[in-house]
Amino acid sequence: MTASTKTSAGNFFEDFQLGQEIRHAIPRTVTTGDVALYTGLTGNRFALPSSDGFARELGLPQAPLDDLLVFHLVFGRTVPDISLNAIANLGYAQGQFGLPVYPGDTLAATSRIIGLKENSNRQTGVVYVRSIGRNQRGAMVVDYVRWVLVRKRDPQSAAPTTVIPDLVASLPATALEVSGGLDLTRFDPAVTGSAHRWEDYEAGERIDHVDGMTIEESCHMTATRLYQNNARVHFNQHAEKDGRFGRRIVYGGHIISLARALSANGLGNALKLLAINGGRHTNPSFAGDTIFAWSEVLAKAELPGVANAGALRLRLVATKNQPAANFPDKAADGNPDPAVVLDFDYWALLPRRG
Amino acid sequence: MTASTKTSAGNFFEDFQLGQEIRHAIPRTVTTGDVALYTGLTGNRFALPSSDGFARELGLPQAPLDDLLVFHLVFGRTVPDISLNAIANLGYAQGQFGLPVYPGDTLAATSRIIGLKENSNRQTGVVYVRSIGRNQRGAMVVDYVRWVLVRKRDPQSAAPTTVIPDLVASLPATALEVSGGLDLTRFDPAVTGSAHRWEDYEAGERIDHVDGMTIEESCHMTATRLYQNNARVHFNQHAEKDGRFGRRIVYGGHIISLARALSANGLGNALKLLAINGGRHTNPSFAGDTIFAWSEVLAKAELPGVANAGALRLRLVATKNQPAANFPDKAADGNPDPAVVLDFDYWALLPRRG
Amino acid sequence: MTASTKTSAGNFFEDFQLGQEIRHAIPRTVTTGDVALYTGLTGNRFALPSSDGFARELGLPQAPLDDLLVFHLVFGRTVPDISLNAIANLGYAQGQFGLPVYPGDTLAATSRIIGLKENSNRQTGVVYVRSIGRNQRGAMVVDYVRWVLVRKRDPQSAAPTTVIPDLVASLPATALEVSGGLDLTRFDPAVTGSAHRWEDYEAGERIDHVDGMTIEESCHMTATRLYQNNARVHFNQHAEKDGRFGRRIVYGGHIISLARALSANGLGNALKLLAINGGRHTNPSFAGDTIFAWSEVLAKAELPGVANAGALRLRLVATKNQPAANFPDKAADGNPDPAVVLDFDYWALLPRRG
């Protein structure tokens, strides 16, 4: 008997080099099957990914995939190389969405290591990665930075020079692009069921999205497998029963999707995500948790070149097992409330009055 | 901080006016992804939605969506306006199926308030609604009446004039239409696996469908989210733990689908639903319940203009946690047996001998 | 009231005749919805069913369905006639995969009874069946033998003459065919993420696939319903609570799919299954079990007519609730280790160096 070394154990902190370029494997053709499953697992009710007719009224050839579904599929490509041994996804920044993605498109991903920092305990380090998803014609569909806490293979190995990339807190509104022919001139609020346009929101406004969604093991695992994200902590109860939490951890991206889906009640005209300014999973979520969400309007921006459209910078906060009517946020010590599981900052596209 | 009022809390009894017309939001493009998920969640084994080849033999361009999948998708459109605050769906009547629906079609829904009745406790009222689902060309695909028990916002508010619509107990056979080019001349029983044709059934006959299907939280929630039905009682365990039953309630339509799927054993040639005469969810169902079903032939009708086809009026009864071999039905007091969860009366299309 | 006899109780051992030909009902049109659900339920990460672009590079018109998805869909056709009353699937042999299957194809199945053997207890018998799945043009897509333990209707009924078919332990490499235009000349390992080609594996080599996947009731039931496999033991907790195990039993095919999906880590270039030499479900699996897998290279074979390709005969062993690092196999008495749930022997296609 020969024991093989062909299995990948994933990369450890020492395996990453500053400036390293990674072409991720397994390009993924996306289909209406993915869309149906995404709707079934998240309860997504936004109109653009739901209706070919609405998409055509707005200048697109058919309903595009939900932006977060695109994000998760690209993210899933990167996991085997970047985060199989990650302890946590620490944050996201500088995310931008490019061309809309349609059923039949094939998504591939590349990444570049843009920062490294060993932690003082020498057990772990932080890897900063910029990942780009492209369609089969090479056009960018999503481009984002994330940083992950990764185990070292050997605590004694030498630390790399610390490089922390300069990340902007928010994409300037001038950098926001509306791609793929999307044109809101013929927007009809009867289609979305929401009368509230860009002009109706004001900075500082908070919206309780009211509803709650309870997570089942089967639901979060199926979503995460759909993205072919194989990070171990989500699937293996035999191992996780002895892990940090005694349970499988829900993929943080599933929480983003649930919170975004809940936000349709109050932000039904936030038609699509333009950019992800930042995001943190402030606490883990588990099967049995019920997710609630609230939003805060952080800023408003005009989109000079885009007819009948404006952008809102929104903060989407998700809680577990605590309704959002009182907008749970930070505890007295400035740290996130233990009920808060997500703090997500993004730019959304909304219709303006004519 | 400004607390927003942009979130919809749903309509209360006072919000409905007799004669009111509602155009529901979020038209839904249906896909083969929806079909796969419907099959996966219900175990549907009827031949027509399963096989393009069989559908073509019977004159259709490809496999149509299962009639109940169409019903649920249209029903899902209506929920945010009609039943977000509903305590219960009390019944269905006068349902008719129109043109077959195919992957790629986009379904939209409108409703008309046709009856109102405040209850004597002044806490709630009954709203009678006629809803029509149409495809992207405006053709009717399903048209049905339901009545729902809805909370009043304020028990002191004035009661509307009571109007109870005149609903027929059963659509007359002469009103039944077979649409979209469906032609049973070339029907082949080897395809359906059932040798029993219209002539082989007799009024009064009862059929135990034998099998049972256990419901999981993940399955009923995924089905209901697929339909974008966001009625709160199905999803939010944090709230429901303190609710009437301490648990999430299964969407009644999921029970109809499970019972219909089970009925393929004994009614494999009940190729499609032509009409829904009535339906009541006589008891709630919960995750962990095992659903059984039996059918009774209520009547037979010829379909003069339709070659090789006849209609059966069927009563489909579903039970929970009790096999149907003894046809559980009414208790001694005339009320439904506590094990009975569904009493559904419909017209089905069956092939006749040449 | 008339109690109907139209329900099928399934076939018992006495109902099978040597040489009997069965045309199974309900041809099944396969779609990208089935593919998405298969990915979501198994975590399948093999490149060929994931990517239209990769498939085209290898000479196919688009991404084919995963071979095991094809197997399960064909197997599902056969269940109502063959194994509704089966106590167990005892084994598989002589499986071959034919033309690739694409979304839009319609699969139908036929079977032939090739062996019968009553057991000495007279309660049960073994039925040997050869089943063939074909696409809408009549081309074979999968052809395999299985044998199942089936209840007798009446222990006193006469036993048939015992006929045990002559089954080969392994298909000879010369019988392996690569169909449908698949051509590995332009194979690119960056697409699969695995650098290991046919030359890199040696007979006797063992590979621990490392990861584990926990099974939920909802996941295995949804997969099995997707295949329209209605064998009762998988779905009905009300009955199974009093059954052999007190629980629903996971469809053995789901275990094969989970183990194959796990094997992508270490066998990422085992692009497709060419043949199933044998397979046994050595122990049942249940919801809550975590499945692990390891592989052994049993043999290597050249494929003379096929450019840049070779075949590996692989043994895929799945365990439950026990990681595979120590390659759990047989207990001291020669019987399978109680943790082993699957012992599966197949030929896989791998790329060779130029």
For the pair [X] and [Y], find out whether any cationic side-chain nitrogen is under 4.0 Å from an anionic carboxylate oxygen.
{"X": "B/E296", "Y": "B/R206", "value": "yes"}
{"X": "B/E199", "Y": "B/R352", "value": "yes"}
{"X": "B/E240", "Y": "B/R247", "value": "no"}
{"X": "C/R23", "Y": "C/D81", "value": "no"}

Does any donor atom in the side chain of [X] or [Y] lie under 3.5 Å from an acceptor atom in the other side chain?
{"X": "B/R260", "Y": "B/S257", "answer": "no"}
{"X": "C/Q123", "Y": "C/R151", "answer": "no"}
{"X": "B/S295", "Y": "B/H209", "answer": "yes"}
{"X": "C/H254", "Y": "C/T224", "answer": "no"}

Query raised in the report: Is it true that a side-chain atom of B/N283 and a backbone atom of B/V340 form a donor plus acceptor pair closer than 3.5 Å?
Result: yes
Query raised in the report: Is there a donor-acceptor contact under 3.5 Å from the side chain of C/N229 to the main chain of C/A231?
Result: yes
Query raised in the report: When you measure from the centre of the six-membered ring of B/Y201, is the NZ or CZ of C/K6 under 6.0 Å away and within 45° of the axis?
Result: yes
Which atoms of [X] come close to chain B, meaning under 4.5 Å heavy atom to heavy atom: side chain ones, backbone ones, both, or neither?
{"X": "C/P80", "answer": "side chain"}
{"X": "C/T106", "answer": "side chain"}
{"X": "C/R28", "answer": "both"}

Report task. Can you check whether anything in residues 37-52 of chain B gets within less than 4.5 Å of chain C, heavy-atom wise, and list it by number? Result -> B/L37, B/T39, B/G40, B/L41, B/T42, B/G43, B/N44, B/R45, B/A47, B/S50, B/S51, B/D52
Query - Close approach to chain C in residues 181-191 of chain B, criterion heavy atom under 4.5 Å - result: B/D188, B/A190, B/V191
Report summary line: side-chain contact (heavy atoms from CB on, under 4.5 Å) test vs C/V148 passes for just one of C/V127, C/V79, C/T124, namely C/V127
Query raised in the report: B/T32, B/V297, B/D34, B/I215: which one forms the most heavy-atom pairs within less than 4.5 Å of chain C?
Result: B/T32
Report task. Specify which of C/M221, C/Q136, C/E216, C/H234 makes the most heavy-atom pairs with chain B at under 4.5 Å. Result -> C/M221
Requested in this report: Please state whether the side chain, the backbone, both or neither of B/T192 comes within less than 4.5 Å of a heavy atom of chain C.
Outcome: backbone
